[in-house]
Peer 1: 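Below are the structure tokens for one structure; questions will follow.
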Amino acid sequence: MADDIAPGISRLDSERVRHLVEGARFRFTDGYEAALLPEHTGWTREQLLDRTGTRVITRGSAGADIARKGESWQHVEAVPTDPVADPTGVGRWSAHRPTRSPPPTS
């Protein structure tokens, strides 16, 4: 199981956050959420990795940090892109089509 607890980490109690961390094989967070996890669980960065196995910390245009249990942290640079003037709706199908019909299934 992979988990991204981003939407609710600040509203969850410590017991629930610890339960979610221990139940996931892959942990995805951004830098802010990664900083909150030790605070909400009481575990160090290393203890969090021991309980999850693989952690990915996204850093936006600075790339991502990836670690697997028993291995050292690796940094992956972000893929360069053309400048985006307004990212509103990027990645959302509905933002690119002025219709309310569902996307094609084929």
Side-chain angles (χ1 to χ4, degrees):
M1 176 175 93
D3 182 44
D4 176 3
I5 60 175
I9 189 171
S10 62
R11 295 184 306 254
L12 297 174
D13 63 49
S14 295
E15 183 177 334
R16 182 71 177 145
V17 174
R18 286 190 297 268
H19 175 74
L20 289 170
V21 168
E22 289 183 325
R25 186 171 172 201
F26 300 91
R27 166 79 42 227
F28 295 89
T29 57
D30 64 20
Y32 171 74
E33 297 151 359
L36 286 179
L37 278 175
E39 178 183 326
H40 283 273
T41 62
W43 297 327
T44 66
R45 182 173 160 159
E46 292 76 23
Q47 290 170 321
L48 285 161
L49 185 58
D50 285 342
R51 287 170 167 86
T52 301
T54 301
R55 290 190 66 197
V56 177
I57 302 173
T58 60
R59 309 254 183 224
S61 63
D65 297 323
I66 304 170
R68 291 187 179 146
K69 187 175 178 178
E71 298 179 19
S72 60
W73 283 83
Q74 301 292 316
H75 179 75
V76 179
E77 294 294 327
V79 175
T81 63
D82 294 332
V84 177
D86 181 5
T88 303
V90 171
R92 288 183 49 215
W93 174 84
S94 62
H96 303 288
R97 291 193 48 164
T99 179
R100 293 182 150 262
S101 61
T105 57
S106 57

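Hydrogens, waters and symmetry mates are skipped; everything else that's a heavy atom, side chains included, is used. Position 1 is the first residue of the sequence; numbering continues from there.
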Peer 1: Hey, could you give me the CZ/OG1 distance between F26 and T54, rounded to the nearest 0.5 Å?
Peer 2: 5.0 Å
Peer 1: Between V17 and L37, is the side chain to side chain contact (heavy atoms under 4.5 Å, CB included) condition met? List the steps.
Peer 2: CA-CA 8 Å; V17 174; L37 278 175; 3.8 Å; yes
Peer 1: Determine, stepwise, if the pair T52 / K69 fulfils side chain to side chain contact (heavy atoms under 4.5 Å, CB included).
Peer 2: CA-CA 8 Å; T52 301; K69 187 175 178 178; over 6 Å; no
Peer 1: Closer than 3.5 angstrom, by distance alone: can the side chain of H75 be matched with the main-chain N or O of G63 as a donor-acceptor pair?
Peer 2: no
Peer 1: For I57 and A34, work out which heavy atoms get closest and say how close.
Peer 2: CD1-CB, 3.7 Å
Peer 1: Side chain of H40, backbone of E15: donor and acceptor closer than 3.5 Å?
Peer 2: no
Peer 1: Is it the case that the side chain of E39 and the backbone of L36 share a donor-acceptor pair, with hydrogens and angles ignored and the cut-off at 3.5 Å?
Peer 2: no
Peer 1: Using a strict cut-off of less than 4.0 Å between a Lys/Arg side-chain nitrogen and an Asp/Glu carboxylate oxygen, indicate whether R59 and D30 qualify as a salt bridge.
Peer 2: no
Peer 1: Any side-chain heavy atom of T41 within less than 4.5 Å of one from L48?
Peer 2: yes
Peer 1: Answer yes or no: is there a side-chain heavy-atom contact under 4.5 Å between F28 and R55?
Peer 2: no
Peer 1: Can you confirm whether more than 12 heavy atoms, excluding those of H19, are under 6.0 Å from its NE2 atom?
Peer 2: no
Peer 1: How close do A78 and S61 get, counting heavy atoms only, and between which atoms?
Peer 2: CB-O, 3.4 Å
Peer 1: Quick one: CG on L49 to CZ on R45, what's the gap to the nearest 0.5 Å?
Peer 2: 9.0 Å
Peer 1: When rounded to the nearest 0.5 angstrom, what is the spacing between CZ in R51 and CZ in R27?
Peer 2: 12.0 Å
